[in-house]
Chemist: 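Quick one: this structure, given as structure tokens, is what I'll be asking you about.
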Amino acid sequence: MAAISPPDDPLQLVGDYRRRISTELQITPKRGGLRIHLDPNAIQGEYLDETCYSPWLHDATGEGIMPVSPWSKQPFQFRNLILKPRQVGMSTIVLAKKVMRIATEPNRNLLIIAQDDAFKQEFRERVHAYLADIKNAGLCPPFGTAAGRGKADNIERLDFAHNSTIYFQSAQSPNIGRTNTYHDAYGTEIAFWDIFGEGRARKIVHALNSAVPDPPYGEIDFESTPNGPAGAFFDLCMAAIEGKITEVGGGKAWRLFFWPWWKQQEYRIDNPGIHPRDLNDHEKWLYREHGCDMGQLEWRRIKIAEAEAVKQHFDSEYPEDPLTCFITAQQTVLKKPTISRMRAIVTAYDPIETEFDGDLRIYEGPQTGIEYILGADGAQGNEGDDESAFVLARKDSMAPVVCYNGYLPPHDFAKLIARIAYTYNKAYVGAEANNDVGYAVNKALDDLNYPNLHYRQDPEMDVRSGVKINPFKLGWRTDVKTRPEMVSEYQDWHNGNLVLIRDKTLVNQSATMIWRPPKGNPSGRKQARAAPSAKDDLVLAWMICLQLRSYASSVDRKVVAVRH
């Protein structure tokens with residue numbers, strides 16, 4: 001076979017990938033029968049638009065210039081998370097793209113990681129079927145003996161004559177990603193890999209981020225349906241949603257591809273029997289906000305009934321948003337339509353100013369004559385542990401205008417609170433005072449002589465005289481009495497659509513607040529807490545802020561505090 005040379009027009013090569021996938025490759029249709037051409041649907045086409053890339057294109061654009069897709073007009077993506085509904089053909093199209101690339105480009109290694117050993121064999125058979133299509137189309141010979149090494153075609157490996165190789169492994173395989181350099185990696189149903197050992201997926205992701213070259217010369221695709229609010233896939237998706245560089249997997253940035261179930265045109269029934277007047281509140285929201293028609297909504301009702309009949313959840317197989325689909329097996333603190341509405345609204349807003357690499361986000365400057373309230377929840381400041389967080393809101397509408405969550409230690413956190421609160425008309429400040437950290441934050445605020453702090457009535461009993469002393473103390477106390485009130489008011493404000501939330505992190509944390517047993521007491525009464533691997537520090541600060549509203553107008557804070 002003649003040596004493969006870079007094409008005269010690399011962009012044409014990228015275009016050829018798309019054309020060849022639909023004209024040269026075949027699949028077995030869902031209904032069975034004869035194989036048909038792989039004609040990408042809308043979801044598959046959108047994925048190809050942003051990822052169908054060739055390294056030769058980068059060489060043509062110049063070193064250091066990230067190539068732009070001619071279809072999406074955005075830079076190509078190279079670390080891809082695909083959070084998918086069932087049966088939309090994502091494994092089909094991802095595998096097709098990677099096989100077409102490795103069969104027509106030399107000196108590349110592709111690693112395919114299946115969910116388990118049975119699926120590994122299935123993927124190997126699908127790869128061979130694609131390669132037969134490519135060979136029948138008269139393209140590069142799909143496999144042969146490379147110069148200087150023997151030919152391999154077995155359950156673990158497939159060599160090509162132009163010095164490229166496909167490796168087949170499963171999440172059960174040992175030492176994945178630690179024996180070779182891979183230019184392409186594809187993992188399927190990553191959310192289920194931890195069934196082979198806790199932390200299994202996290203270790204594989206971390207190894208691959210070292211084994212696969214940095215963009216644009218290396219690409220990783222992970223696709224999965226959701227499987228609960230824990231694990232590497234959940235963590236990566238949450239980090240991608242928040243626009244953060246995640247430490248999971250070695251510090252690379254990831255792009256989340258998500259399509260709600262209604263984007264798949266097949267998910268509908270013909271001649272539906274329901275009418276808009278028959279819709280429940282959530283269906284009305286889908287109808288108004290997302291344009292779901294009666295055929296789609298009746299299909300959804302049928303699938304929900306099927307899932308409930310076997311005690312399963314519709315959202316885990318057919319997600320509506322990339323957050324709540326992970327927690328359908330749990331009871332969310334806010335109603336699902338509320339979370340969906342908040343997610344839809346927050347996309348229209350970005351901070352007008354940020355500090356601390358985005359940990360501090362400002363949505364509105366201080367306004368003359370407006371009172372402000374700041375609720376805070378401090379932490380030690382250790383990376384990876386709880387975050388220090390505060391929310392500053394307008395007292396008239398309670399709309400948050402400044403949010404912070406990050407790893408400032410108590411004294412630095414107090415200094416930031418004081419600076420922001422002074423700027424916003426000496427905002428009324430209440431910081432949680434449940435432990436040593438809370439005490440340190442409140443003492444630091446007092447030492448800074450901040451003039452507008454919250455006091456609570458919390459008298460001590462003098463053991464000698466039997467008289468109550470020190471009746472007022474700085475800070476907000478979250479306890480068995482106040483916590484239910486905090487949660488209830490939080491629910492009322494949000495489920496009643498009474499407040500505008502413009503901060504994506506606050507929305508994301510709200511979406512992953514669920515009813516869980518207390519820490520260290522799995523049989524205890526359930527509390528409103530963050531889902532596993534999620535955070536709730538900003539939500540707790542926001543709950544405190546909402547509670548402070550009833551205290552913020554008093555001239556004598558200590559008199560009002562007796563109600564606490």
Chemist: How far apart are the closest heavy atoms of Gln172 and Asp116, and which atoms are they?
Modeler: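 Minimum heavy-atom separation between Gln172 and Asp116: OE1-CB, 3.3 Å.
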Chemist: Under 6.0 Å from the six-membered ring centre of Tyr318 and within 45° of its axis: does the NZ or CZ of Arg300 meet both?
Modeler: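 So Arg300 doesn't make the cation-pi contact.
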Chemist: Applying side chain to side chain contact (heavy atoms under 4.5 Å, CB included), can you list everything that pairs with Ala201, at least two apart in sequence or on another chain?
Modeler: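 With sequence neighbours excluded, Ala201 shows a side chain to side chain contact (heavy atoms under 4.5 Å, CB included) to Ile190, Trp193, Asp194, Ala232, given in chain and number order.
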Chemist: Backbone N or O of Asn280 within a donor-acceptor pair of the Glu283 side chain at under 3.5 Å?
Modeler: yes
Chemist: To the nearest 0.5 Å, what is the distance between NZ on Lys335 and CZ on Arg341?
Modeler: 9.5 Å
Chemist: Which atom names give the shortest non-hydrogen contact between Ile176 and Ala207, and what distance separates them?
Modeler: O-CB, 3.5 Å
Chemist: Return yes if some donor-acceptor pair links the side-chain N/O of Thr338 with the main-chain N/O of Leu334 below 3.5 Å, else return no.
Modeler: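 It does not hold such a pair.
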Chemist: May I ask you to check whether over 12 heavy atoms, not counting those of Asn180, lie within 6.0 Å of atom CG?
Modeler: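 Enclosed: over 12 neighbouring heavy atoms sit under 6.0 Å from CG of Asn180.
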Chemist: Taking the side chain from Lys120 and the backbone from Ile155, do they hold a donor-acceptor pair closer than 3.5 Å?
Modeler: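 Not a single qualifying donor-acceptor pair exists.
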Chemist: I'd like to know if Arg108 pairs up with Glu219 as an ion pair, taking the criterion as any Lys NZ or Arg NE/NH1/NH2 lying under 4.0 Å from an Asp or Glu carboxylate oxygen.
Modeler: no
Chemist: Would you please indicate yes or no on a ring centroid separation below 6.0 angstrom for Phe123 and Phe168?
Modeler: no
Chemist: Within a strict 4.5 Å, meaning less than it, do heavy atoms of the Leu286 and Trp262 side chains meet?
Modeler: yes
Chemist: Keeping the roles fixed (side chain from His162, backbone from Ile102), state whether a donor-acceptor pair exists under 3.5 Å.
Modeler: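 Side chain of His162 to backbone of Ile102, a donor-acceptor pair under 3.5 Å: yes, one is there.
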Chemist: Is a side-chain N or O of Asn382 found less than 3.5 angstrom from the main chain of Asp385, in a donor-acceptor match?
Modeler: no
Chemist: Can you tell if the side chain of Phe160 reaches within under 4.5 Å of the side chain of Ile166, non-hydrogen atoms only?
Modeler: yes
Chemist: What verdict does the side chain to side chain contact (heavy atoms under 4.5 Å, CB included) test give for Val94 and Asn80, after you've listed the backbone C-alpha separation in whole Å, the side-chain angles of each residue and the deciding distance to 0.1 Å?
Modeler: CA-CA 11 Å; Val94 176; Asn80 304 314; over 6 Å; no
Chemist: Using 4.0 Å as the upper bound for N to carboxylate O, is an ion pair formed by Glu298 and Arg268?
Modeler: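 The answer is no: the pair does not qualify as a salt bridge.
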Chemist: Walk me through whether Tyr287 and Gln296 qualify under side chain to side chain contact (heavy atoms under 4.5 Å, CB included).
Modeler: CA-CA 10 Å; Tyr287 176 66; Gln296 291 172 304; over 6 Å; no
Chemist: State plainly whether the residues Arg157 and Asp159 are in salt-bridge range, i.e. N to O under 4.0 Å.
Modeler: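 Salt bridge: yes.
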Chemist: State which residues pass side-chain hydrogen bond (donor to acceptor under 3.5 Å, both in side chains) with Glu125; sequence neighbours excluded, sorted by chain then number.
Modeler: Gln121
Chemist: Is there side-chain contact between Phe78 and Tyr217, with at least one heavy-atom pair below 4.5 Å?
Modeler: no
Chemist: Could you walk me through whether Leu95 and Tyr186 pass the side chain to side chain contact (heavy atoms under 4.5 Å, CB included) test, one step at a time?
Modeler: CA-CA 8 Å; Leu95 191 64; Tyr186 169 40; 4.3 Å; yes
Chemist: Backbone N or O of Ile43 within a donor-acceptor pair of the Asn41 side chain at under 3.5 Å?
Modeler: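 Checked: pair present.
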Chemist: Between Ile501 and His494, which heavy-atom pair has the shortest distance, and what is it?
Modeler: CG1-CE1, 3.5 Å
Chemist: For Asn107 versus Ser164, what's the shortest heavy-atom pair and its separation?
Modeler: N-OG, 3.0 Å
Chemist: Quick check: does any side chain N or O of Asp278 sit under 3.5 Å from a backbone N or O of Ile274, one acting as donor and the other as acceptor?
Modeler: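 Side chain of Asp278 to backbone of Ile274: no pair is present.
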Chemist: Does either side chain, that of Thr188 or that of Glu223, offer a donor lying less than 3.5 Å from an acceptor on the other one?
Modeler: yes
Chemist: Taking 4.0 angstrom as the limit, do Arg202 and Asp235 come out as a salt bridge?
Modeler: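 Judged by the 4.0 Å cut-off on N to carboxylate O distance, Arg202 and Asp235 do form a salt bridge.
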Chemist: Is it true that Arg529 and Asp536 make a salt bridge, defined as a side-chain N closer than 4.0 Å to a carboxylate O?
Modeler: no
Chemist: Decide yes or no for Asp184 and Leu111: does some side-chain heavy atom of the first lie under 4.5 Å from some side-chain heavy atom of the second?
Modeler: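 No, too far: nothing below the 4.5 Å cut-off.
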Chemist: So, Thr92 versus Arg126: side-chain donor-acceptor pair below 3.5 Å or not?
Modeler: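 Side-chain D/A pair, Thr92 to Arg126: present.
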Chemist: Under 3.5 Å, is there a donor-acceptor pair between the side chain of Arg255 and the main chain of Ala240?
Modeler: no
Chemist: Measure from the side-chain N and O atoms of His183 to the backbone N and O of Gly218, and report whether any donor-acceptor pair falls under 3.5 Å.
Modeler: no
Chemist: Charged N to carboxylate O below 4.0 Å: is that the case for Asp221 and Lys98?
Modeler: yes
Chemist: Would a 4.5 Å heavy-atom cut-off, applied to side chains only, mark Leu83 and Leu256 as touching?
Modeler: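 Yes, their side chains come closer than 4.5 Å.
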Chemist: For the residue pair His128 and Arg124, establish whether any side-chain heavy-atom pair is separated by less than 4.5 Å.
Modeler: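 Yes, at least one pair of side-chain atoms sits under 4.5 Å.
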Chemist: Hey, could you give me the CG/CD1 distance between Leu158 and Ile112, rounded to the nearest 0.5 Å?
Modeler: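 Rounded to the nearest 0.5 Å, the CG-CD1 separation comes out at 9.0 Å.
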Chemist: How far apart are the closest heavy atoms of Arg79 and Asp214, and which atoms are they?
Modeler: NH2-CA, 4.0 Å
Chemist: For the salt bridge (charged side-chain N to carboxylate O under 4.0 Å, His left out) test, which of Arg361, Arg502, Lys504 pairs with Asp350?
Modeler: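 Result: among Arg361, Arg502, Lys504, Lys504 is the only option passing the salt bridge (charged side-chain N to carboxylate O under 4.0 Å, His left out) with Asp350.
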Chemist: Could you tell me which non-hydrogen atom of Pro40 sits nearest to which non-hydrogen atom of Leu48, and how far apart they are?
Modeler: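 Between these two residues, the closest heavy atoms are CG-CD1, 4.1 Å.
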Chemist: Hey, are Lys84 and Glu189 close enough for a salt bridge, meaning a charged N less than 4.0 Å from a carboxylate O?
Modeler: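 So Lys84 pairs with Glu189 through a salt bridge.
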Chemist: Report yes if the side chains of Cys325 and Glu320 come closer than 4.5 Å at any heavy-atom pair, otherwise no.
Modeler: no
Chemist: With Tyr47, which residues qualify under ring-ring contact (aromatic ring centres under 6.0 Å, His included), at least two apart?
Modeler: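 Tyr47 satisfies ring-ring contact (aromatic ring centres under 6.0 Å, His included) with Phe257 only.
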Chemist: Rounded to the nearest 0.5 Å, how far does CD1 of Ile269 lie from CG of Asp293?
Modeler: 10.0 Å
Chemist: So, taking the atom named CE in Met100 and the one named CG in Leu38, what distance separates them when rounded to the nearest 0.5 Å?
Modeler: 9.5 Å
Chemist: Could you tell me whether the side chain of Leu538 reaches within less than 4.5 Å of the side chain of Thr505, counting heavy atoms only?
Modeler: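 Side chain of Thr505 against side chain of Leu538, heavy atoms only: contact under 4.5 Å found.
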Chemist: Hey, which of Phe234, Trp254, Phe192 is the one that makes ring-ring contact (aromatic ring centres under 6.0 Å, His included) with Phe222?
Modeler: Trp254
Chemist: Would you confirm whether Asp133, through its side chain, and Gln26, through its main-chain N or O, come within 3.5 Å as a donor-acceptor pair?
Modeler: yes
Chemist: In terms of side-chain geometry, is the basic nitrogen of Lys263 or Glu46 positioned less than 4.0 Å from the acidic oxygen of its partner?
Modeler: no
Chemist: Step by step, would you call Leu506 with Val539 a side chain to side chain contact (heavy atoms under 4.5 Å, CB included)?
Modeler: CA-CA 6 Å; Leu506 182 53; Val539 171; 4.1 Å; yes
Chemist: Hey, could you give me the CD/CH2 distance between Gln44 and Trp259, rounded to the nearest 0.5 Å?
Modeler: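 It is 9.0 Å, given to the nearest 0.5 Å.
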